[in-house]
Amino acid sequence: MGQQIIQPVTPSDLLTEVIKLKDAGYRLVAITCTNKEDLELSYSFDKDYELINLRINTDSKTEVPSISEFYPYSFLYENEINELFGSKIVKINIDFKDTLYKIPVKTPFGKKEGDE
Amino acid sequence: MGKRTVVPFGPQHPVLPEPIHLDLVLEDEVVVEAIPRIGYIHRGLEKLVEKKDFQQYTYVAERICGICSFMHGMGYCMAIEEIMEVKVPERAQYLRVIWAELSRLHSHLLWLGLLADAFGFESLFMQSWKMREQVLDIFEETTGGRVIFSVCDIGGVRKDISTEVLTKIDKTLAGMDKELKEVTNVFINDMSVKLRTKGVGVLTKQQAFDLGAVGPMGRASGVEGDLRSTGYAVYGKLNFKPIVDEAGDSYARTNVRIKEMFQSIDLIHQCITLIPEGDIKVKVTGNPNGEHFMRVEQPRGEVVYYAKANGSKNLDRLRVRTPTFANIPALLETLKGCALADVPILILTIDPCISCTER
């Protein structure tokens, strides 16, 4: 299996790094959110089976720019993360505004086991 | 510009065994835009890692989908094995590839049947599914299950396959190869089939790349990506080259899957020839601590398992990015400009698995 790189970035640097990867011919593989103390976003890109993960640590109040201007198909990942984790990814090209999933609970993955 | 009409497609539709909804914007009978809506059956299985320990979760991972159940279990186990630096015995790796390729074979046969059913070729549908039964019989004989097998475990596999049964499988698949040629010949050469697939729903190589298409959907448009090329499990020891087409239409997507079925039979034959004697499992002790992005090639394409562990028995996070989820944007592109009557076929040509998507 190819190499896996995790590269920490800040929300303000995200688009700059994404443009670099886009220009280098990388494909967006997935955007993943992990709910630790804060929200940890991983943007995974592939080229020749090498995986680069841009890692952002953020919270539900800080705005993170959408990368859909450069990778238009990121809209599904970004809508999913906003809806399940309560993150604040903004300026998504197709914004479902929390209606992508038909779920009765608001931001279910934003809560830890035992939370109210 | 003709009058625009919005036609709701799904979530319940004869061509869809599972719910997905599309708002189709039409000009006369031509689709100009399609807006998707998913989430009718979102199960939150990823969240269950907080309740089930990492060993128990193997059973949950298998239940993400009833078609790729083995490969979901395998991908999850491989992610945990990478974190825990577990060295899986070689015999277990071969057995995993045999079951994985049998899964691909049965998945593609299921898909061929559904495609034939969608354009009303009932005898072709029945022939495809009749052959699929033979694969399910092999699953039943080797694992005890026809849908959920529960043979993959962290550290190896739970069941071995004897040399006699392996020889029998090889013989069954050799016989099936001949039957498969007859049935797939209809998909490739029949005029009525070609009328519904050739030149329909074209996705260019550039569009496939730009929209992140994976699996047969991408390979039918000339995007070579196939994770088996990375050599995970024992693919690196087998003679394997991704099947690629250039046309990017529904016919090419059918063609790629047909060739992949013959390739799967060949890969299983290679495994049966090369499989060594030895253990099928190593004992795994302790809890995982760390993170890993594991990727494997399912019948529908690349699937990603991201596991993050904290040293306890429960994972912090498991994220599963399924191929159907990745192929939805490419599907929306192929629908643009197609006739309303072709929409069911085009949805089918991505081989959608909503169960996976709504994990």
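Within every chain, numbering begins at 1; the chains are lettered A, B, ... in the order of the sequence lines, protein sequences first and strands thereafter.
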Colleague: Heavy-atom distances under 4.5 Å only: say whether A:Ile94 touches chain B with side chain, backbone, both or neither.
Modeller: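 Contact with chain B is absent: no heavy atom of A:Ile94 under 4.5 Å.
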
Colleague: Is there side-chain contact between B:Pro329 and A:Leu76, with at least one heavy-atom pair below 4.5 Å?
Modeller: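 Yes, their side chains come closer than 4.5 Å.
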
Colleague: To check you understand the geometry: which heavy-atom pair defines the closest contact between A:Ser42 and B:Phe293, and what is its length?
Modeller: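 So the two residues come closest at CB-CZ, 4.0 Å.
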
Colleague: Would you find a donor on one side and an acceptor on the other, under 3.5 Å apart, between the side chain of A:Tyr73 and the backbone of B:Ile328?
Modeller: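 Checked: no pair found.
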
Colleague: Tell me, yes or no, whether the heavy-atom count around A:Lys22 atom NZ, taken from other residues, nucleotides or ligands under 6.0 Å, exceeds 12.
Modeller: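 Check passes, neighbour count above 12.
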
Colleague: Examine whether an atom of B:Glu302 lies under 4.5 Å from a heavy atom of chain A, and if so say whether it belongs to the side chain, the backbone or both; otherwise answer neither.
Modeller: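 Answer is side chain: those atoms of B:Glu302 sit under 4.5 Å from chain A.
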
Colleague: Pick one of side chain, backbone, both or neither for A:Ser44, based on which atoms fall under 4.5 Å of a heavy atom in chain B.
Modeller: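 Answer is side chain: those atoms of A:Ser44 sit under 4.5 Å from chain B.
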
Colleague: Write down the atom of B:Phe209, the atom of A:Gly25, and the distance for their closest heavy-atom approach.
Modeller: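 Nearest heavy atoms, B:Phe209 then A:Gly25: CZ-O, 3.3 Å.
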
Colleague: Heavy-atom cut-off 4.5 Å, strictly under: side chain, backbone, both or neither for B:Tyr306 against chain A?
Modeller: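 For B:Tyr306, the contact with chain A is made by the side chain alone.
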
Colleague: Which distance, rounded to the nearest 0.5 Å, do you find between the OG1 of A:Thr34 and the CG of B:Leu315?
Modeller: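 That separation rounds to 10.5 Å.
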
Colleague: Who passes salt bridge (charged side-chain N to carboxylate O under 4.0 Å, His left out) against A:Glu17, sequence neighbours left out?
Modeller: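 Salt bridge (charged side-chain N to carboxylate O under 4.0 Å, His left out) list for A:Glu17, sorted by chain: A:Lys20.
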
Colleague: Shortest non-hydrogen contact from B:Arg319 to A:Ile31?
Modeller: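 Shortest heavy-atom separation between B:Arg319 and A:Ile31 comes out as NH2-O, 3.0 Å.
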
Colleague: Taking CZ in A:Phe70 as the centre, count heavy atoms belonging to other residues, nucleotides or ligands within less than 6.0 Å. Is the count above 12?
Modeller: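 Above 12, so yes.
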
Colleague: Measuring heavy-atom distances to chain B, does A:Tyr26 have an atom under 4.5 Å in its side chain, in its backbone, in both, or in neither?
Modeller: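 Only the backbone of A:Tyr26 comes within 4.5 Å of chain B.
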
Colleague: Taking all heavy atoms of B:Leu332 and all of A:Phe75, pick out the closest pair and write down the distance.
Modeller: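 Smallest interatomic distance, heavy atoms only, reads CD1-CZ, 4.3 Å.
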
Colleague: Less than 4.5 Å apart, side chain to side chain, heavy atoms only: is that true for A:Ile6 and B:Glu291?
Modeller: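 The answer is yes, as the side chains (C-beta and beyond) meet within the 4.5 Å cut-off.
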
Colleague: With a 3.5 Å cut-off and no angle check, do the side chains of B:Arg321 and A:Tyr77 form a donor-acceptor pair?
Modeller: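 Short answer, yes.
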
Colleague: Within a strict 4.5 Å, meaning less than it, do heavy atoms of the B:Lys47 and A:Leu84 side chains meet?
Modeller: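 Contact flag for B:Lys47/A:Leu84 side chains = no.
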
Colleague: Which residue pairs pass the side-chain hydrogen bond (donor to acceptor under 3.5 Å, both in side chains) test with at least one member in residues 88-97 of chain A, sequence neighbours excluded?
Modeller: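 For residues 88-97 of chain A: none.
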
Colleague: Where does A:Glu83 contact chain B at under 4.5 Å (heavy atoms): side chain, backbone, both or neither?
Modeller: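 For A:Glu83, no heavy atom lies under 4.5 Å from chain B.
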
Colleague: May I ask you to name which of B:Pro36, B:Ala326, B:Gly236, B:Gly225 has the most heavy-atom pairs under 4.5 Å with chain A?
Modeller: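 Of the options given, most contacts go to B:Pro36.
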
Colleague: Hey, could you give me the CD/CG distance between B:Glu50 and A:Asn35, rounded to the nearest 0.5 Å?
Modeller: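 Separation between the atoms: 7.5 Å.
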
Colleague: State whether the side chain of B:Arg317 and the backbone N or O of A:Cys33 hold a donor-acceptor pair below 3.5 Å, judged by distance alone.
Modeller: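 Yes, B:Arg317 side chain to A:Cys33 backbone: donor-acceptor pair under 3.5 Å.
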
Colleague: Can you measure from NE2 (B:His42) to OH (A:Tyr101) and round to the nearest 0.5 angstrom?
Modeller: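 Between atom NE2 of B:His42 and atom OH of A:Tyr101 there are 4.5 Å.
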
Colleague: Taking B:Leu211's backbone N and O only, do any of them form a donor-acceptor pair with A:Arg27's side chain (distance below 3.5 Å, no angle check)?
Modeller: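 A pair under 3.5 Å: no.
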
Colleague: Is it true that B:Arg359 and A:Glu80 make a salt bridge, defined as a side-chain N closer than 4.0 Å to a carboxylate O?
Modeller: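 Looking at B:Arg359 and A:Glu80, the cut-off is met.
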
Colleague: So, A:Glu40 and B:Lys308, do they make that salt bridge, N to O below 4.0 Å?
Modeller: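 A salt bridge is present here (some side-chain N lies under 4.0 Å from a carboxylate O).
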
